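The structure under discussion appears below in the form of structure tokens.
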Number of protein chains: 2
Amino acid sequence: MATMRPARRLTLTEDVYSSVQALIMDHAVAPGARINIDALARDLEVSPTPVREALARLEADGLVRKRPLAGYTAAPLLTREEFEELVEMRLILEPPAASRAAAVAAVPGVDRLRAEADLPDPRPAGEGYTGIAAFTAQDARFHHLLAELSGNRMLHEAVVRLRSHLHLFRLHFPPAHYGISADEHHRVVDAVAAGDPDAAAAAMRAHLTAARERHLPYFGRAS
Amino acid sequence: MATMRPARRLTLTEDVYSSVQALIMDHAVAPGARINIDALARDLEVSPTPVREALARLEADGLVRKRPLAGYTAAPLLTREEFEELVEMRLILEPPAASRAAAVAAVPGVDRLRAEADLPDPRPAGEGYTGIAAFTAQDARFHHLLAELSGNRMLHEAVVRLRSHLHLFRLHFPPAHYGISADEHHRVVDAVAAGDPDAAAAAMRAHLTAARERHLPYFGRAS
DNA sequence: CGATCGTGGATCCTATACGATTCGCAAGCG
DNA sequence: CGCTTGCGAATCGTATAGGATCCACGATCG
């Protein structure tokens, strides 16, 4: 009963990777803020090497930027233009994903999807944070699961890689519209369950377009 | 005129990253083969730290796999199933990219694209290697440039990230079909130059579908 | 003769120390 | 008073050393 350290998966690097990702999610590091490798290593109680390794992966993911000989910084927030590009990208990827998921139509997968969409409104009462985080996480799970059900691993990976929800989460927190979004999710699920590819793609397009309209006003200079 | 080292960009890590990528391209490391960090560091005459950092990035790119406490290995070749997924993915991404490029239709961009497509058949005579590599690189540049001309940075990045050509290059080398592929490229260019989004998307779909048929027989167990 | 266990080698993973480069701030000049 | 210039601190990048873990080979027991 010597080495009984609690967490510490197989590699420290993996741990650090998750930790930093969480730090960005929780706004512990502001967008654009510098990330000090040594300080981070001290806080996490590891040596700088695994921190460096984790940051290299995060850079490939686009979550941090690296200026040579100047250090790492947290990725900046999405500009309005980039947000438009993100929506366009999701409109390219996710309707085909929904379409293929409907074509494959494996029953247990559809059940999991419906279960995700059926989750009760996570909004507690008037909480600002936890409710939003839970909703965002649920929304992310729904979209990721649907992409997985498409049966195309590369498509799934591409959707996950966009990190749409991470970006949106960092942007702002529209406290309403939860129910509306859930309704739109259900329409997608119904089309997938019915095995109707075209309807599934259309429902997803409608959802993404509507979500775009819901988020746009929060960008200051509205259209 | 003291420090006049030739290569060595701003960071060693970037250098190592490119080097390892080239090693995989050139079949210097077989797919699935183990990659020894220390040996690689010795060969490149750097310390293991930047090698480790570069490998972390390459892992995020999917070019190498990391088994905890067991070392890195080069990514395995595409299976037939994964090849089909790759084609499906390209059919999702690249026709919309061509469509948008046609809609934007910036003249200098189109000129660059046509120049890329106009390059003479790089096949020397009966060479097995260099001609193929040059053709593959040219084909990659064409597709990447087209994605860039779409104006959507995320779409561009997604196309590049697929590394379709790297995978194809590692798979086999169909020594023919060069002229056919070039013709199909020209049809795409013409549609983009004409500012016809639908035609551009259709031409790209035709190209990808035809390329799929050209590559499929090389997979052994044909359909 | 086959399977299991112990040992040796190699490798990865982590920690620490040193040099190179950049950025911030204050002093000096125009 | 504003701009430039030089210095200093902080930080990154790199190299090296030590501890822990896993894989392979050979010996031993059933």
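Residue numbering restarts at 1 for every chain, and letters A, B, ... go by the order of the sequence lines. The model shown is predicted, which means the values in this text are computed figures rather than measured ones.
For the pair A:R42 CZ and D:dC12 P, the computed distance is 10 Å after rounding to whole Å. If you take CG of B:L44 and P of D:dA15, they are 11 Å apart, rounded to a whole angstrom. Between the C1' atom of C:dT14 and the CD atom of A:E45 lies a distance of 15 Å, rounded to the nearest Å. The nearest whole Å value for the distance from the OH atom in A:Y72 to the P atom in C:dC23 is 16 Å.
Panel note: side chain B:E85, backbone A:R153; a donor-acceptor pair is recorded below 3.5 Å. Checked by atom type and distance alone, the side chain of A:S150 never pairs as donor or acceptor with a backbone atom of A:L146 at under 3.5 Å.
Contact of the B:L216 side chain with the B:E84 side chain is registered, since non-hydrogen atoms from C-beta on lie closer than 4.5 Å. Contact annotation: the side chain of A:V51 never approaches that of A:Y72 to less than 4.5 Å [non-hydrogen atoms, C-beta and beyond].
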Between N or O atoms, less than 3.5 Å apart, protein on one side and nucleotides 9-11 of chain C on the other: list the pairs.
unit_1	atom_1	unit_2	atom_2	d
C:dT11	OP1	B:N36	ND2	3.2
C:dT11	O5'	B:N36	ND2	3.3

Could you walk me through whether A:E59 and A:K66 pass the salt bridge (charged side-chain N to carboxylate O under 4.0 Å, His left out) test, one step at a time? CA-CA 7 Å; A:E59 191 207 2; A:K66 169 184 175 181; 5.4 Å; no

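Here the side chain of B:P48 is nearest to one of C:dT14, D:dT16, D:dT14, namely D:dT16. Of the listed nucleotides (C:dT14, C:dC13, C:dC23), C:dC13 has the atom at the smallest distance from the side chain of B:K66.
Nearest-nucleotide mapping onto DNA chain C: of A:V46 and A:R67, the residue sitting toward the 5' end is A:V46.
With sequence neighbours excluded, no residue satisfies salt bridge (Lys or Arg N to Asp or Glu O under 4.0 Å) with A:D111.
Put simply, A:S47 has no side-chain N or O that comes within less than 4.0 Å of OP1 or OP2 on C:dT14. The side chain of B:R52 places no N or O atom within less than 4.0 Å of a non-bridging phosphate oxygen (OP1 or OP2) of C:dC12.
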